[in-house]
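The structure appears below as structure tokens.
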Amino acid sequence: QQDWEARFRLPHLTDIFPDAPPIPSTFCLKMRTSIDRDFPGHYSSYEDWHGYINNNDRVLLKTIYYSSPTSAGAECIDPDCTWVEQWVHRAGPREKIYYKPEEVKAAIITCGGLCPGLNDVIRQIVITLEIYGVKNIVGIPFGYRGFSDKELTEVPLSRKVVQNIHLSGGSLLGVSRGGPAVSDIVDSLEERGINMLFVLGGNGTHAGANAIHHECCKRRLKVSVIGVPKTIDNDILLMDKTFGFDTAVEEAQRAINSAYIEAHSAYHGIGVVKLMGRSSGFIAMQASLSSGQVDICLIPEVPFNFHGPHGVLSHLKFLLETKGSAVVCVAEGAGQNLLQKTNATDASGNVVLGDIGVYIQQEYRKTKQYSVNIQIEFEANFHPIKKYFKEIGIHADVKYIDPTYMIRAIRANASDGILCTVLGQNAVHGAFAGYSGITVGLCNTHYAYFPIPEVISHPRLVDPNSRMWHRCLTSTGQPDFI
Ligand code: ATP
Ligand code: MG
């Protein structure tokens, strides 16, 4: 239990600057007096507001009591299934804050790939900062790169600038991978006088944010670095879900529906939909569950054979013979065991994984037609769907749909819009509270702060023994492909 407390203790700037006095929050004050100020009048109804969160308020992380290891399955955290209370810190505005709003220069940055809801979060961070009374708010363009590239200048942000940005997808500030060394980023923070940095990004971005926080501590800089997890794949540990995921699942369903209609309208039609999910198959699993039109769902966490009597291809044959058509939903990182490994990395240093969708859609061509590249090995061992059916003399009409870039670029749906709004507000509350090196997320339907290392130690994965994956299998009716 103590170990748990220590691990989830939030880094606070008073750890480094113990003599810095906390000051009364302006947040509630601004809300109450807003009618006299430049904020909308509806806030003024909060005459006697009791919404402040105590630093010791907690959210329970594990909410199920398992009475035996068998009922717990893979969820059980120890062999005897002892129930251990695990608490994380509740997010929200504090009565005492660490910064005088007039002394704050806040910066927002978006890194990694696109994800629905980025603009919603940017918008809400700006609006909440203004409610605290911050006047100096900037956006750093094109991710961490914006700190080093002299041609990229800060974007001044205000409620007026961000008012309608959530109506479109993408990021107002732009995104990128790669960028300068952490020490250069902190040099740039010092030069610019930034003392609040809001970092929207995935695992890589959060690793960067944590490193920036430590570098600031080392240099004894009073800077709050706050993360907001942006991962369409939903692969951040301990959180119910991350923003953009719901929207992605909803949009993925549309692609699955198109694949279904294509497959259903063709003689022996097979629709293949490739979805996001490099290491985590949450989108493919949830979209398959919600659409109810998928016959085979393939995710990175669950190995499968393509060939042989129990492989995907023979099940497809069975589906064509019995149902007349079939829909396959595959996460991009699925079947890595079948693909040739490369040593290639992207600008951020991530290993470039093989993309199963690319290979599934390709017509079989003799390996000799290829020069030296990874496809030789792969195609020698791997028979795409069309080749298989040609060889066994069964007609099959394969249609391949890759909606991934369309999904990433759309605007957030209603539930993600709410999630983004509350995450944005809580990011600002966390910074004003004096925390740094933390991130904010939804935990058992409550909003909580987490120390960054606890949520990025590895990607969150679909557990093949979990009830959710078994629900998915029940829904598709697919066998084990092993
Ligand atoms: P996505 O979910 O889209 O992959 P991500 O945040 O994981 O988002 P990356 O491209 O991996 O995206 O990383 C984004 C930024 O974080 C890059 O600018 C990269 O240089 C930086 N970064 C990644 N890993 C680290 C690390 N360990 N330390 C410092 N910076 C890092
Ligand atoms: Mg990443």
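Count residues from 1 along the sequence. Counting convention: from 1, in listed order, for ligands and their atoms alike.
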query = Which atoms of ligand 1 have any heavy atom of G113 under 4.0 Å away?
reply =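 Per the distance check, 3 (O).
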
ask   = Taking only heavy atoms of Y144, which atoms of ligand 1 are found under 4.0 Å from at least one of them?
value =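 Ligand 1 atoms under the 4.0 Å threshold to Y144: 15 (C), 16 (O), 18 (O), 21 (C).
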
query = Checking T439 side chain against G227 main chain: does a donor-acceptor pair fall under 3.5 Å?
reply =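 Yes, because the side chain of T439 sits within donor-acceptor range (under 3.5 Å) of the backbone of G227.
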
ask   = Between the side chain of R145 and the main-chain N/O of R177, is any donor-acceptor distance below 3.5 Å?
value =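 Such a contact is found between R145 side chain and R177 backbone.
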
Protein contact of [atom] - nearest heavy atom, named by residue and atom, plus distance:
atom: atom 6 (O) of ligand 1; result: T205 OG1, 2.3 Å
atom: atom 31 (C) of ligand 1; result: G204 O, 3.4 Å
atom: atom 13 (O) of ligand 1; result: S348 OG, 3.5 Å
atom: atom 11 (O) of ligand 1; result: N350 ND2, 2.9 Å

Could you check whether any heavy atom of [X] sits closer than 4.0 Å to an atom of ligand 1, since that is the contact criterion I want to use?
X: A211; value: no
X: R278; value: yes
X: K230; value: yes

query = Parallel, tilted or perpendicular for Y98 and H12, by the 30°/60° rule?
reply =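 Perpendicular: the ring planes of Y98 and H12 meet at over 60°.
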
ask   = Looking only at heavy atoms, which two atoms of P403 and K274 are closest? And how far apart?
value =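 Taking P403 first and K274 second, the nearest heavy atoms are CD-O, 3.0 Å.
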
Judged on heavy-atom distance to [atom], which of [options] sits nearest?
atom: atom 27 (N) of ligand 1; options: G112, A207, G227; value: A207
atom: atom 5 (P) of ligand 1; options: G202, G201, P229; value: G202
atom: atom 20 (O) of ligand 1; options: G208, G178, A181; value: G178

inquiry  = Looking only at the side chains, is there a donor atom on one of S171 and T110 sitting less than 3.5 Å from an acceptor on the other?
reply    =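 Note: S171 and T110 side chains meet the donor-acceptor criterion.
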
task = Ignoring hydrogens and angles, state whether a donor on the side chain of S291 or Y260 is under 3.5 Å from an acceptor on the partner side chain.
result =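 On atom types as modelled, these side chains do not qualify, holding no pair under 3.5 Å.
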
task = Sorted by first residue and then second, give each salt bridge (Lys or Arg N to Asp or Glu O under 4.0 Å) pair with at least one member in residues 419-434; sequence neighbours left out.
result =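 Listed once each, the pairs would be none.
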
request  = Identify, with sequence neighbours excluded, every residue that meets side-chain hydrogen bond (donor to acceptor under 3.5 Å, both in side chains) alongside E454.
outcome  =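 Scan of E454 (side-chain hydrogen bond (donor to acceptor under 3.5 Å, both in side chains), adjacent residues dropped) gives R7.
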
message = Is the distance between the ring centroids of F8 and H89 under 6.0 Å?
response =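 Ring centres of F8 and H89 not closer than 6.0 Å.
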
ask   = Do R177 and ligand 1 have an N or O pair less than 3.5 Å apart?
value =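 Yes, R177 has an N/O under 3.5 Å of an N/O on ligand 1.
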
